There are 2 protein chains.
Amino acid sequence: MAADASDPARPPLPASPHAAGAHRGGRRHAGRPTMKDVAAQAGVGLKTVSRVVNGEAGVSQDTEQRVQEAITSLGFRRNDSARVLRKGTTASIGLVLEDLADPFYSPLSRAVEEVARAHGALLINGSSAEDPEREQELALALCARRVDGLVIVPASDDHRYLAPEIAAGVATVFVDRPPGRIAADLVLSDNFEGAREGVAHLVAHGHRRIGYIGDRPGIHTAEERLRGYRAAMAEAGLPVAESWVAPGRTDADRVRSDAVRMLEGGRGGEPVTAFFSGNNRVTVTLVRVLAAPERRERPVALVGFDDFELADLLSPPVTVVAQDPADLGRSAAELLFRRLDGADDEPRTVSRPTTLIVRGSGEIPPSG
Amino acid sequence: MAADASDPARPPLPASPHAAGAHRGGRRHAGRPTMKDVAAQAGVGLKTVSRVVNGEAGVSQDTEQRVQEAITSLGFRRNDSARVLRKGTTASIGLVLEDLADPFYSPLSRAVEEVARAHGALLINGSSAEDPEREQELALALCARRVDGLVIVPASDDHRYLAPEIAAGVATVFVDRPPGRIAADLVLSDNFEGAREGVAHLVAHGHRRIGYIGDRPGIHTAEERLRGYRAAMAEAGLPVAESWVAPGRTDADRVRSDAVRMLEGGRGGEPVTAFFSGNNRVTVTLVRVLAAPERRERPVALVGFDDFELADLLSPPVTVVAQDPADLGRSAAELLFRRLDGADDEPRTVSRPTTLIVRGSGEIPPSG
DNA sequence: CCGTGATCTGACAACGTTGTCCAGACCTGC
DNA sequence: GCAGGTCTGGACAACGTTGTCAGATCACGG
């Protein structure tokens with residue numbers, strides 16, 4: 001009786017609220033009429049109901065109407081689990097990303113959803129919170145639900161755990177960051193080139209001491225952007241003091257303290273006159289730091305990777321290297337459905353260009 | 001053969017890429033090993049595999065190990081559809097909202113996801129794009145998938161279509177806007193009181209001609225906020241010229257033109273000296289309008305409903321009536337799981353307070 | 001009136017899992 | 001050595017749907 005509830009090992013949902021009451025005897029359990037019930041009510045066979053529900057041909061007007069009436073009167077709704085079990089296809093795809101609430105990822109997610117919808121599929125998504133274990137847990141849970149395909153923004157650098165799934169036919173596309181130790185379709189922004197262009201823009205405006213604050217090494221996009229920074233500096237023949245380079249977590253405190261350090265020229269390096277920021281969150285924190293009253297007399301230039309809302313309304317408006325997250329999502333989803341439609345060729349990598357949007361903060365000349 | 005593909009009426013996914021090849025005869029279809037396969041490989045019975053997979057007691061160390069090996073060697077993963085079919089519970093909940101990419105809703109969605117995760121459930125979500133038909137389509141698709149519960153941000157004003165589902169035991173909670181023609185749990189911000197407070201704040205700073213630009217009537221939150229606006233004006237004994245009240249779509253063009261009209265005092269009303277904005281999107285457009293160079297000499301006050309990122313960095317920083325979307329989502333999800341845990345009492349309505357955040361734009365005195 | 005299709009309908013067996021129930025194997029203590 | 005118990009393992013029947021296939025019914029021409 002209480003066996004199920006008393007087993008502490010089992011995580012999932014508590015027993016259905018109804019399970020306790022009717023023990024599937026006596027009065028018919030209140031929940032969910034089935035096709036069988038509909039068939040009985042309409043006085044037809046089971047399969048006929050199935051036909052009506054699925055709009056298959058070969059049912060007379062008259063019968064169809066009787067069945068429809070039974071359906072609405074009973075409030076029947078087809079059980080898709082059973083359907084999936086029988087058909088082997090779920091018409092749903094999974095999306096695993098870092099944080100659904102991140103303004104960079106939410107348009108990506110929305111774009112995937114739109115493409116899925118256009119293909120008659122539902123989207124199930126989950127946030128990995130940048131935790132490799134959670135990514136795996138989520139991706140495998142989605143596979144257990146037999147999603148037809150998977151779009152993943154990796155949080156881990158080893159995706160071998162997906163090999164059996166892919167072999168079993170789950171189409172898989174990675175986006176924003178490459179998969180680890182596995183070959184699969186991939187959609188990326190051109191992070192290296194974007195960063196190079198952004199930093200070159202600062203150089204072109206006369207800056208020689210440029211600070212880089214970005215995400216942790218180990219995150220592919222962060223590495224590429226840092227590489228772009230170094231390339232631009234090298235091309236301009238500028239030295240890079242190691243105190244100007246600060247990859248790490250992107251929380252406000254860390255970014256703020258590194259920024260202040262660079263502005264004050266601690267640890268041997270001379271003070272920077274411009275920042276190149278590795279992403280969204282960093283940019284916003286830098287804007288706050290630079291907007292502080294005591295900084296206003298010596299304005300510091302800033303170019304950020306990733307566009308963000310209202311960037312144009314700040315003073316100064318923020319120059320950015322923009323990616324198009326919706327475009328990334330759309331491309332990834334399209335790649336996915338291409339696979340689902342049977343494409344069987346080599347995994348391909350799609351690279352999307354970035355756009356430098358000049359607004360003001362990147363054109364401030366060096367001071368001091 | 002081609003029957004399925006040729007039927008134009010059927011929307012779902014194209015036939016599985018594999019279905020075509022092996023016709024489940026001859027060589028065993030490559031996809032997906034089942035528990036039966038694992039049992040065969042390990043030389044044990046079917047149920048024993050099930051026991052191992054579910055961590056049930058009553059399997060010897062030795063056998064368990066053999067089974068585990070077979071599982072990894074075959075790359076087996078339990079088919080949750082079959083499990084759901086058998087158990088009747090999916091450990092997943094659905095969320096239908098307006099737009100996943102909206103900065104107001106994405107934290108809400110994320111909060112629901114976190115609560116779901118804490119209860120071992122997965123979240124499936126979809127965007128209704130403010131289209132009642134699409135809301136229904138989505139909600140019913142989720143029900144067909146037998147989600148255990150549903151969180152809905154309504155786009156329609158008639159939810160009778162959900163009655164059979166609720167009767168069948170799908171826990172349902174509405175959030176942000178009330179359900180139509182149906183009783184259900186509900187989580188709301190106190191829109192009326194928030195708007196009243198925001199407008200009163202403008203009045204307290206000397207404004208007598210205040211414009212309201214908000215969302216369409218018919219949207220509950222918009223109506224409440226407009227009601228709050230009128231109440232605050234009435235309390236202060238101020239008349240409201242109808243040209244100061246502009247509910248409608250929230251696209252930039254509409255908002256801009258209405259704002260300009262009010263600022264110039266067209267249609268008989270005198271020009272307004274302050275705006276109360278009905279939501280996020282409207283506020284941002286108003287900020288743009290007011291930031292135009294030609295407006296700067298005669299600053300106009302602004303209080304917006306909904307907080308938004310960087311509001312504090314604009315000049316002037318924007319005073320807002322803030323809701324906490326994550327809190328709304330969390331409350332709704334908790335209400336949902338309360339039901340799933342068996343709570344069977346009357347539907348309840350939870351009202352969450354709003355917070356006036358004073359930043360500057362709302363404290364500008366009337367000019368002219 | 002019968003044969004011949006064409007149309008409509010229903011029985012039945014899957015799909016892969018889990019709950020029930022029973023049968024052995026293996027102990028323990030007398 | 002044996003009765004009584006505890007482990008362990010497996011056969012079998014659901015769960016609700018869909019594909020197959022064969023049976024019923026009907027219209028129509030011969």
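Remember, predicted model here, so these are calculated numbers, not experimental data. Naming: A, B, ... by sequence-line order, numbering from 1 per chain. Both backbone and side-chain heavy atoms feed into the values below; hydrogens, waters and symmetry mates do not.
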Establish, with yes or no, whether the OP1 or OP2 oxygen of D/dC15 is under 4.0 angstrom from a side-chain nitrogen or oxygen of B/Arg146. no

Tell me if the side-chain of A/Lys36 makes a donor-acceptor pair with the base of D/dG16, cut-off 3.5 Å, by modelled atom types. no

Value in whole Å for how far the P atom of D/dG16 lies from CZ of A/Arg32: 11 Å

Identify whether the distance between the nearest side-chain nitrogen and carboxylate oxygen of A/Glu165 and B/Arg32 falls below 4.0 Å. yes

Spacing between B/Met35 atom CE and C/dG16 atom P, to the nearest angstrom: 12 Å

Looking only at heavy atoms, which two atoms of B/Ala139 and B/Ile152 are closest? And how far apart? CB-CD1, 4.4 Å

Atom-pair distance (CG on B/Leu74; C1' on C/dG16), nearest Å: 15 Å

Could you tell me how far apart B/Asn79 (CG) and C/dA14 (C1') are, to the nearest whole angstrom? 14 Å

I'd like to check B/Leu122 versus A/Leu138 (side-chain heavy atoms, cut-off strictly below 4.5 Å). Are they in contact? yes

Using whole Å, what does the distance between atom P of nucleotide D/dC15 and atom CG of A/Leu46 come to? 13 Å

Under the rule for ring pair (Phe, Tyr, Trp, His ring centres under 6.0 Å), what residues qualify as partners of B/Phe174, not counting sequence neighbours? B/His159

Using whole Å, report how far CG of B/Asp62 lies from C1' of D/dT8. 12 Å

Of the listed nucleotides D/dT17, C/dC15, C/dT18, the one nearest the side chain of A/Leu85: C/dC15

Just the rounded figure in Å: distance from P of C/dG16 to NZ of A/Lys87. 15 Å

Side-chain donor-acceptor pair present, A/Gln136, A/Ser156, cut-off under 3.5 Å: no

Candidate nucleotides D/dG16, C/dT18, C/dG16, ranked by approach to the side chain of B/Ala82 - the nearest: C/dG16

Carboxylate-amine/guanidinium proximity below 4.0 Å for B/Asp344 and B/Arg338: no

With respect to the phosphate group of C/dT18, does any side-chain polar atom (N or O) of B/Ser50 fall under 4.0 Å of OP1 or OP2? yes

Among D/dG16, C/dG19, D/dT18, find the nucleotide with the atom closest to the side chain of B/Arg86. C/dG19

Selection from D/dT17, C/dG19, C/dT17 that lies nearest to any side-chain heavy atom of B/Glu56: C/dG19

Send over the distance from B/Arg83 CZ to C/dG19 C1', rounded to a whole Å. 12 Å

Could you tell me which non-hydrogen atom of A/Asp131 sits nearest to which non-hydrogen atom of A/Ala155, and how far apart they are? N-CB, 4.0 Å

Letter by letter from the 5' end, nucleotides 4-9 of chain C scores (B base, S sugar-phosphate only, - none; protein heavy atoms under 4.0 Å) ----SB

Name the residue closer to the 5' end of DNA chain C, choosing between B/Ser81 and B/Lys47 according to the nucleotide with the nearest heavy atom. B/Ser81

